[in-house]
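Here the structure comes first, spelled out in structure tokens, and everything after it is commentary.
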Amino acid sequence: MPGKQLEEGPMEVAAVEDGGDEGLGGLTVEELQQGQEAALALEDMMALSAQTLVRTEVEELYKEVRSLGQGRYGRVLLVTHRQKGTPLALKQLPKTSTSLRGFLYEFCVGLSLGTHSAIVAAYGIGIESANSYSFLTEPVLHGDLITLIQPKVGLPQRAAQRCAHQLASALEHIHSHGLVYRDLKPENVLVCDPACQRVKLTDFGHTRPRGTLLRLTGPPIPYTAPELCAPPPFPEGLPIQPALDAWALGVLVFCLLTGYFPWDQPLVEADPFYEDFLIWQASGQSQDRPQPWYGLSPAADTLLWGLLDPHPRKRSPVSSIKGYLGQSWKQREGKAEELAKELGEDGLGGQEAPKQKMPTWR
Ligand SMILES: Nc1ncnc2c1ncn2[C@@H]1O[C@H](COP(=O)(O)OP(=O)(O)OP(=O)(O)O)[C@@H](O)[C@H]1O
């Protein structure tokens, strides 16, 4: 998502000299340095890539086959190389809404991360045309994950675990490069086969170096971590951390397992589902388990409590998924209904069932 409204800035180096975590908005010196190194490496790569841009109209080199998708900022086309016939995905970003810098940024982030098996491979070809910028990646032809998640049901457990494992590994790779992905959602997860054996993360327009100062510019969504909703420690924003992606991964795993969002926004005042979750986390009592969580196993509860810890420093890293892979994440068939009965779910203490609706799947 390049060339978007200004919502971020680099963290002031002076903050490091202040010393202590306080002056760093909660980042350690090492974390801040890791982000700064990532930012410098990207700047170098962008300068080199700017010199190697191919200046031509896309049709001169590639033949359009069909549309693969349309995002807010660009469209993605399946094309073939005119001489070789090789199929490729071409992401095209109009110059009216994308700056050269924004384009180079997304292009270079994708290029530096695309060596991981669960990240879409980039071909290192950037094109500047009269009205657009484009780059080429491998085409992934079975659509995105949102089309496979059955509302109110989710994915079969094995498929959900395969997706979660691969996405955690992709995010770990991104974090090891000093970057935070920041846009985990099913629409950005491409599916390589109908059984969802292999998935790939795409769209690096929001990815930024760790420690970049960032403010929320619109209303939060379920994937937005609560620390981004709170007043930021600096006027320019919150220094971003990989914990933002761990939160989004927790929400995504919940969606994969249930077909529901756990809440609309992580705001106690505005969202009763989130408030119920915090009450359950605080009490640990089974009678406080919120309704959307009934279908999950104890292992999934523990995994998701870790990833969805409201305190970013206490939150489990994305790699915590690995410790839960051999276990069941869903209640066995019928168990969720039994549990509902046990908990008097047709009534909080025998009253009529609450008429509240689960968060609707969007
Ligand atoms: N390599 C690819 N192969 C197949 N389909 C793709 C590929 N890359 C993207 N798509 C499809 O195109 C859609 C839009 O792509 P992308 O998310 O990169 O655009 P965007 O404008 O940055 O989106 P957003 O609105 O999320 O910022 C994706 O949701 C996906 O369905």
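One-based numbering, in listed order, for ligands and for the atoms of each. Keep in mind that this is a model prediction, so the values were computed, not measured.
Checked by atom type, the side-chain pair E172/S319 shows no donor-acceptor distance below 3.5 Å.
By the 4.0 Å heavy-atom criterion, P139 is counted among the residues contacting ligand 1. Within the structure, the closest approach of K200 to ligand 1 does not fall below 4.0 Å when heavy atoms are considered. Residue-ligand proximity: R75 is placed with every non-hydrogen atom at 4.0 Å or more from ligand 1.
With salt bridges taken as basic N to acidic carboxylate O contacts below 4.0 Å, none links R55 and E60. Under the 4.0 Å criterion applied to side-chain N and carboxylate O atoms, D203 and K91 are assigned as salt-bridge partners. The pair E227-R215 does not count as a salt bridge, with every side-chain nitrogen at least 4.0 angstrom from each carboxylate oxygen. Residues E138 and K200 are paired through a salt bridge, judged by an N-O separation under 4.0 Å between the basic side chain and the carboxylate.
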Check against side-chain contact (heavy atoms from CB on, under 4.5 Å), L88 and I125:
CA-CA 11 Å; L88 301 153; I125 303 166; over 6 Å; no
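Of the N or O atoms in D144, one or more lie within a sub-3.5 Å distance of an N or O in ligand 1. Checked by distance only, ligand 1 and E138 come closer than 3.5 Å through their nitrogen or oxygen atoms. The N/O atoms of V140, backbone and side chain alike, include one that comes under 3.5 Å of an N/O atom in ligand 1. Close N/O approach between E187 and ligand 1 is found [any backbone or side-chain N/O within under 3.5 Å]. Close N/O approach between G74 and ligand 1 is found [any backbone or side-chain N/O within under 3.5 Å].
Interface of K185 with ligand 1, defined as ligand atoms under 4.0 Å from a residue heavy atom, comprises 26 (O). Of all atoms in ligand 1, listed by their number and element, those nearer than 4.0 Å to a heavy atom of Y73 are 21 (O), 27 (O). Near T137, meaning under 4.0 Å from one of its heavy atoms, ligand 1 places the atoms 1 (N). Residue-ligand proximity, T202 to ligand 1, at heavy-atom distances under 4.0 Å covers atoms 8 (N).
When heavy-atom distances to ligand 1 are checked against a 4.0 Å cut-off, L78 has no atom that comes that close, whether in backbone or side chain. Neither the backbone nor the side chain of L141 comes within contact range of ligand 1; no heavy atom lies under 4.0 Å.
For atom 22 (O) of ligand 1, the choice among R72, K91, Q70 with the nearest heavy atom turns out to be K91.
Taking the six-membered ring for Trp and the full ring otherwise, F135 and Y123 have centroids separated by 6.0 Å or more.
A cation-pi geometry, defined here as NZ or CZ lying under 6.0 Å from the six-membered ring centre and within 45° of its normal, holds between R208 and Y105. Annotation: cation-pi pair K152/Y260 absent, no NZ/CZ under 6.0 Å from the ring centroid and within 45° of its normal.
Ring planes of H81 and Y62: perpendicular class, angle over 60° (limits at 30 and 60°).
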